[in-house]
Amino acid sequence: MSRLLLPILFGALFIVESLFVQYTPADLFGDGKIFAPHFLLAGIIFLSVFGSKKHGIIYGFVFGALFDIVYTEILGVYLFLFPLTAYFASKAMRVIHANLFTASGVSLIAIALVEIAVYWINLLINVTDLSFVNYLEIRFYPTILLNLAFVVLAAFPFKWQFEKFAEELGND
Amino acid sequence: MPQFFLNKRLIVLLVSIIILVALIGFSLRERSELTWPEKFVKDTTGWVESLVSKPAHFFAGFFQNLEDLQNTYHENKELKTRVEKIAELEKQVQILEKDNKELRVILDKKKTLRDFKPLQATVIGRNPDRWQEMIIIDKGKTSGLKQNMAVIGSNGSLLGKIKHVNQFSSTVQLLSAADPKNQISTIILGDTSSYGLVDGYDKEKRLMVKRIPADAKIKKGQLVVTSGLGGVFPKGLLIGKVVEVKPDQYGLNQTAYVKPGANFYDIENVMVAKKTMRVPEATDYLESKGEGQ
């Protein structure tokens with residue numbers, strides 16, 4: 001049963017992101033602001049911090065691929081960025097002591113970096129023509145705020161769940 | 001130096017960057033069809049999403065209903081004043097429709113660019129990354145959908161077009177997507193109609209209709225509809241209302257800023273417009289060229 005728990009959890013996060021943008025009103029943070037949920041990435045970072053690095057990278061890879069195929073239709077972007085940030089997050093945790101606050105901080109930094117990297121790629125391939133200043137104002141700050149709220153809510157359940165998972169891995 | 005190349009992680013990183021660039025390049029090509037693994041994944045996730053989205057629609061509808069109840073009194077008052085005008089309009093429409101039908105019979109011209117068969121579809125997902133404005137609907141090739149068909153919102157105005165079809169689901173690119181390939185031929189209705197192309201969506205949530213001839217006189221408040229020319233879009237689908245007109249960079253053309261009639265957020269049900277008139281194919285153009293010679 002516990003073997004199935006993680007795929008179900010991440011699958012749920014994957015779908016919740018899509019439902020979230022479908023049902024939240026357009027002007028949650030004021031008119032014209034765009035906020036993108038990165039709940040899945042937050043989950044992956046927490047998994048690689050409290051669970052295991054290997055699993056973090058694998059889940060990052062699989063759900064990055066799913067995200068690219070199902071949602072964005074531009075292959076490669078999240079497929080590459082999710083495992084990469086999971087890897088660096090677990091690296092960073094060797095230096096920092098892992099607790100709720102540092103893990104939340106690291107996952108927010110990861111979200112910010114991925115968000116900026118995706119902006120940069122989209123600018124390169126002409127999906128967007130926003131200038132960086134406009135991008136920060138319209139997209140970046142609302143997105144960080146939204147994900148901060150999510151991380152605050154989800155940090156404890158994530159930590160609890162993934163530490164349990166790591167223990168089970170150790171017992172096997 | 002040898003140590004630099006022996007660093008396994010660095011090589012993995014470099015290889016994956018190369019793969020990343022190759023994959024992005026591959027997916028940016030003008031693709032008429034997705035590859036089968038993509039289709040398979042999309043159909044599978046589409047099935048799961050449609051399972052989840054139905055109860056979600058129900059809950060969202062419940063809260064929407066509560067909100068509606070609060071506004072009922074106010075709306076009722078306003079609507080009553082409009083109803084009287086509608087009766088008058090309806091009468092006119094009926095007369096005109098009848099006229100139109102009779103004249104068509106005389107001319108023996110039965111099909112128009114305007115005719116289409118609507119097909120109802122439910123939205124089961126939306127791109128959370130929100131760079132490409134795309135939604136996923138629960139009808140696909142098995143329901144007869146094809147690439148580039150027009151998608152209409154619940155209030156009858158144009159929402160976007162179908163980007164890719166899978167067996168049981170398809171992705172719709174909304175008009176609000178900033179895609180240079182997303183051009184739609186339009187008519188700006190007025191005493192003399194002028195043609196333009198929808199091309200882009202600006203920060204203030206207005207669509208830009210470009211390439212309108214410089215001598216066309218366009219005023220604020222004129223309606224913009226699809227022209228039905230050059231493809232699978234039926235004629236006469238509402239796009240929006242002109243709010244501003246500006247000459248373009250070189251003064252040869254004008255750009256109209258259009259407030260879209262559709263709400264690009266909070267979309268639940270859409271209609272896909274299947275044009276009943278035959279859609280021209282690439283070979284048609286070739287044939288007519290041959291005749292000209």
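All chains are named by letter (A, B, ...) in the order of the sequence lines, taking the proteins before the strands, and each is independently numbered beginning at 1. Only a predicted model underlies this, so the values are computations on that prediction, with no experimental measurement involved.
Atom CZ of B:F26 has more than 12 heavy atoms from other residues, nucleotides or ligands within 6.0 Å.
Heavy-atom proximity under 4.5 angstrom to chain B picks out A:L66, A:F67, A:I69, A:V70 from residues 52-70 of chain A. For residues 81-96 of chain A, a heavy-atom distance under 4.5 Å to chain B picks out A:L84, A:Y87, A:K91, given by residue number. Heavy-atom neighbours of chain A within the stretch residues 139-173 of chain B, taken at a separation under 4.5 angstrom, comprise B:K163, B:H164, B:T171.
B:D202 is linked by a salt bridge (Lys or Arg N to Asp or Glu O under 4.0 Å) to B:R206, counting only residues two or more places apart in sequence or in another chain.
If you measure heavy-atom distances from B:I124 to chain A, the contacts under 4.5 Å come from the backbone alone. At a 4.5 Å heavy-atom cutoff, the contact between B:S16 and chain A is made by backbone and side-chain atoms alike. Heavy-atom distances place the backbone of B:I267, and not its side chain, under 4.5 Å from chain A. When heavy atoms are compared at a cutoff of 4.5 Å, B:V21 does not approach chain A at all.
In this structure, A:Y78 has its ring center no closer than 6.0 Å to that of B:W131.
To the nearest 0.5 Å, the span separating CD on A:Q22 from NE2 on B:H57 amounts to 5.5 Å. Atom CD1 of B:I136 is separated from atom OH of A:Y71 by 6.0 Å, given to the nearest 0.5 angstrom.
Considering every non-hydrogen atom in both A:A36 and B:P128, the closest pair reads CB-O, 3.6 Å.
Ranked by heavy-atom pairs shorter than 4.5 Å toward chain A, the options B:A177, B:A56, B:A60 are led by B:A56.
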Residue pair B:E38, A:L75: steps toward the side-chain contact (heavy atoms from CB on, under 4.5 Å) verdict: CA-CA 10 Å; B:E38 281 174 275; A:L75 306 179; 3.9 Å; yes

